*Asks:* 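First the structure, then my questions, so here it is.
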Amino acid sequence: MNIGIDKISFHVPNYYLDMTDLANARETDPNKFHIGLGQDQMAIIPETQDIVTLGASAAAKILTDEDKKNIDMVIVGTESSTDFSKSASVIIHELLEIQPFARSFEIKHACYGGTAALQQANDYVTLHPDRKVLVIAADIAKYGLNTGGEPTQGCGAVAMLVTKNPHLLAFNNDSVFYSEDVYDFWRPAGHDYPLVDGHMSNQVYIDSFTRIWEQNKKVNHTDSSDYAALTFHLPYTKMGRKALRAIFSEMSEEEQQRLEARYDEAVVYSRQVGNLYTGSLYLGLMSLLDNGDLAAGDRIGLFSYGSGAVSEFFSMTLMDDYKTYLSIEENQALLSSRQQLSIDEYEAMFNKKLPTDGETYTFSDYTAYAINKISGDIRYYNK
Ligand code: HMG
């Protein structure tokens, strides 16, 4: 019996900034962002939306009433939580009207949280094959205006329903892990934005990948020819490419071109969104499924990286008829129908914060699941 991802969807807010506009405003050559970082657009979130609205919006697209009866767990992987105690998952569980006898909790380790949640779902469904687990990876990547990290911001959520006999992808249960206590990117309590050593973080990412890749070869007796594609956590789309190229010396030129072509297919969506931390690897996976030259039975390698640092490499196999279950037009429409912001509009939206004085304020964002009121430091959402 296979366990895996039966359905997958993503959500981003309705606003974006063009990277040429950001470059011009910051007196930088636009090619640095488009070519040097591999980013064309950046998703921007209004104050009335958060990881709950992103996650609920992504999950609502894929869940049927039958699914909601069979979900035993809702796990949210995030590093953008607004509460140290209450989880976003319990709010999403309520908004989506999932049956009440379910577990719901948040999982954290930087951008690795979504993968930790997905593997927990795999373990649970393996033990309870008739039940389902909803995994959500939702984040808002913000470094601050005029900072080195600004062009690598973004936001969004990916929702995945893990079941037996999945329609899309099956786990191969071949994970290898790597942990190293390092301060490349971290956000101590009290800080609105992360502290980051950008260049060090790039190096730790690449070193983590090359180490885990060697370990994977040893443990799973595979080499690059066993994978139809290698997908990566994408803080910006040049990052995974650098890691991929770090293992090119062990491949023929033809093999390098094959994997780089799949890589290009996997970054189509992220070029238009930016970093969504925990969801980035899975937005890359969706881009690969929607745009990739792949076939049923193909094995896809996934490299998950969370600063700090924890990594995991694992693979999944494409199911027969997986193409029938993709929502390619819907995904493309979500990105192409967004509203472009000017720099002034972006900066104003960036600086707006929800009040924290406990008073009551109402908002008129009529998007499904937006925040419509805050009162007594409780957020109330549109259903
Ligand atoms: P920077 O100093 O602004 O940029 O920092 P740079 O000078 O390193 O240039 C970037 C690239 O643009 C270079 O290419 C330049 O050559 C090129 P590379 O040598 O790297 O291949 N370039 C140009 N190309 C074409 N035309 C031009 C031009 N000018 C320059 N005119 C940095 C960039 C990414 C470090 C910064 O934006 C940053 O600190 N970002 C945040 C941290 C980050 O994203 N780190 C990634 C690894 S860590 C990670 O993935 C985890 C994370 O997602 C968090 C989590 O786990 O929770 C971040």
Side-chain angles (χ1 to χ4, degrees), residues 19-20 22-40 42-43 51 77-81 106-117 137-158 178-188 191 193-210 212 231-246 248 260 263 267 270-271 273-284 302-313:
M19 296 303 278
T20 298
L22 182 63
N24 291 337
R26 304 294 179 248
E27 297 176 354
T28 300
D29 180 351
N31 283 337
K32 176 174 174 184
F33 295 168
H34 293 286
I35 300 167
L37 297 177
Q39 290 305 131
D40 300 323
M42 190 162 87
I51 54 162
T78 188
E79 54 178 303
S80 313
S81 201
E106 248 173 49
I107 269 188
K108 180 192 76 177
H109 181 91
C111 298
Y112 173 71
T115 300
D139 269 306
I140 300 164
K142 276 185 162 185
Y143 292 88
L145 301 177
N146 266 302
T147 58
E150 186 181 31
T152 63
Q153 298 178 143
C155 59
V158 175
Y178 179 70
S179 292
E180 184 184 358
D181 183 11
V182 56
Y183 284 84
D184 60 331
F185 167 109
W186 69 112
R187 181 154 74 92
H191 287 250
Y193 307 125
L195 306 174
V196 59
D197 184 335
H199 292 279
M200 179 197 185
S201 73
N202 288 357
Q203 200 50 53
V204 179
Y205 177 116
I206 294 171
D207 291 347
S208 297
F209 175 65
T210 52
I212 213 167
T231 53
F232 292 81
H233 165 55
L234 297 170
Y236 55 94
T237 72
K238 178 85 162 291
M239 185 70 251
R241 194 184 299 281
K242 289 204 243 195
L244 175 62
R245 287 181 179 172
F248 268 4
E260 191 128 4
Y263 185 85
V267 300
S270 293
R271 288 191 74 95
V273 172
N275 198 355
L276 49 157
Y277 290 159
T278 47
S280 288
L281 169 63
Y282 300 98
L283 185 65
L302 296 99
F303 173 63
S304 180
Y305 175 79
S307 279
V310 177
S311 334
E312 179 162 341
F313 183 84

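Model, not experiment: these values are computed from the prediction. Ligands are counted one by one from 1 in listed order, and the atoms in each one are counted from 1 as well.
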*Asks:* Please tell me if the side chains of Phe232 and Met239 come closer than 4.5 Å, counting only heavy atoms from C-beta onward.
*Replies:*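 No - every pair of side-chain heavy atoms lies 4.5 Å or more apart.
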*Asks:* Have a look at ligand 1 and work out which part of Asn275, if any, has a heavy atom under 4.0 Å from it: side chain, backbone, both or neither.
*Replies:*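 For Asn275, the contact with ligand 1 is made by the side chain alone.
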*Asks:* Among Lys108, His199, Lys32, which one puts a heavy atom closest to atom 8 (O) of ligand 1?
*Replies:* His199
*Asks:* Just to confirm, does any protein heavy atom lie below 4.0 Å from atom 16 (O) of ligand 1?
*Replies:* no
*Asks:* For Val196, counting its heavy atoms only, list the atoms of ligand 1 lying under 4.0 Å from any of them.
*Replies:* 42 (C)
*Asks:* Please determine if Glu79 has a nitrogen or oxygen closer than 3.5 Å to a nitrogen or oxygen of ligand 1.
*Replies:* yes
*Asks:* Is it the side chain, the backbone, both or neither of Tyr112 that has a heavy atom closer than 4.0 Å to ligand 1?
*Replies:* neither
*Asks:* Which protein non-hydrogen atom lies closest to atom 33 (C) of ligand 1, naming both residue and atom, and how far is it?
*Replies:*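 I find the closest protein heavy atom is Leu37 CD2, 4.1 Å.
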*Asks:* Look at atom 53 (O) of ligand 1 and say which protein heavy atom is nearest, naming residue and atom and giving the distance to 0.1 Å.
*Replies:* His233 NE2, 2.8 Å
*Asks:* Taking 4.0 Å as the limit for heavy-atom contacts, which would you say applies to Asp29 with ligand 1: side chain only, backbone only, both, or neither?
*Replies:*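 For Asp29, only side-chain atoms sit under 4.0 Å from ligand 1.
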*Asks:* Which of these, Gly154, Gly148, Gly240, has its nearest heavy atom closest to atom 36 (C) of ligand 1?
*Replies:*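 Ranked by closest heavy atom to atom 36 (C) of ligand 1, first place is Gly148.
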*Asks:* Tell me, do Gln39 and Pro151 make a side-chain contact under 4.5 Å, heavy atoms counted?
*Replies:*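 The answer is no; the side chains never approach within 4.5 Å.
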*Asks:* For Lys242 and ligand 1, answer yes if some heavy atom of the residue is under 4.0 Å from a ligand atom, otherwise no.
*Replies:*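 Yes; Lys242 lies near enough to ligand 1 that a heavy-atom distance drops under 4.0 Å.
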*Asks:* Protein heavy atoms: any of them under 4.0 Å from atom 30 (C) of ligand 1?
*Replies:*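 So far as the 4.0 Å threshold goes, atom 30 (C) of ligand 1 is in reach of a protein heavy atom.
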*Asks:* Quick one: does Asn275's side chain get under 4.5 Å of His233's, heavy atoms only?
*Replies:*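 Yes - at least one pair of side-chain heavy atoms lies under 4.5 Å apart.
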*Asks:* Of the protein's non-hydrogen atoms, which lies at the shortest distance from atom 52 (C) of ligand 1, and what is that distance?
*Replies:* Cys111 SG, 3.6 Å
*Asks:* With heavy atoms under 4.0 Å as the rule, classify the contact between Glu150 and ligand 1 as side chain, backbone, both or neither.
*Replies:* neither
*Asks:* Which of these passes ring pair (Phe, Tyr, Trp, His ring centres under 6.0 Å) with Tyr205: Tyr236, Phe303, Phe185?
*Replies:* Phe303
*Asks:* Can you tell me how far the CZ atom of Arg187 sits from the OG atom of Ser307, to the nearest 0.5 Å?
*Replies:*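 Here the rounded value is 13.0 Å.
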*Asks:* Do ligand 1 and Asp184 have nitrogen or oxygen atoms that lie under 3.5 Å from each other?
*Replies:* no
*Asks:* By number and element, which atoms of ligand 1 are closer than 4.0 Å to a non-hydrogen atom of Gly149?
*Replies:*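 Those atoms are 37 (O), 38 (C), 40 (N).
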*Asks:* So which protein heavy atom does atom 39 (O) of ligand 1 come closest to, and at what separation?
*Replies:* Gly198 CA, 3.3 Å
*Asks:* How many angstroms lie between atom OG1 of Thr78 and atom CD1 of Ile107, to the nearest 0.5 angstrom?
*Replies:* 11.5 Å
*Asks:* Please identify which atoms of ligand 1 are closer than 4.0 Å to at least one heavy atom of Tyr143.
*Replies:* 41 (C), 42 (C), 58 (C)
*Asks:* Which atoms of ligand 1 have any heavy atom of Tyr236 under 4.0 Å away?
*Replies:* 34 (C), 44 (O), 46 (C)
*Asks:* Counting only heavy atoms, tell me which of Pro235, Gly306, Ala23 gets closest to atom 50 (O) of ligand 1.
*Replies:* Pro235
*Asks:* Evaluate whether atom CZ of Phe248 has more than 12 neighbouring non-hydrogen atoms of other residues, nucleotides or ligands under 6.0 angstrom away.
*Replies:* yes
*Asks:* With distance as the sole test, does Tyr305 use its side chain to make a donor-acceptor pair with the main-chain N or O of Ile206 at under 3.5 Å?
*Replies:*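 No: the side chain of Tyr305 does not pair with the backbone of Ile206.
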*Asks:* Evaluate the side-chain proximity of Thr152 to Leu37: yes if any heavy-atom separation is below 4.5 Å, no if none is.
*Replies:*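 In short, these two side chains touch, coming nearer than 4.5 Å.
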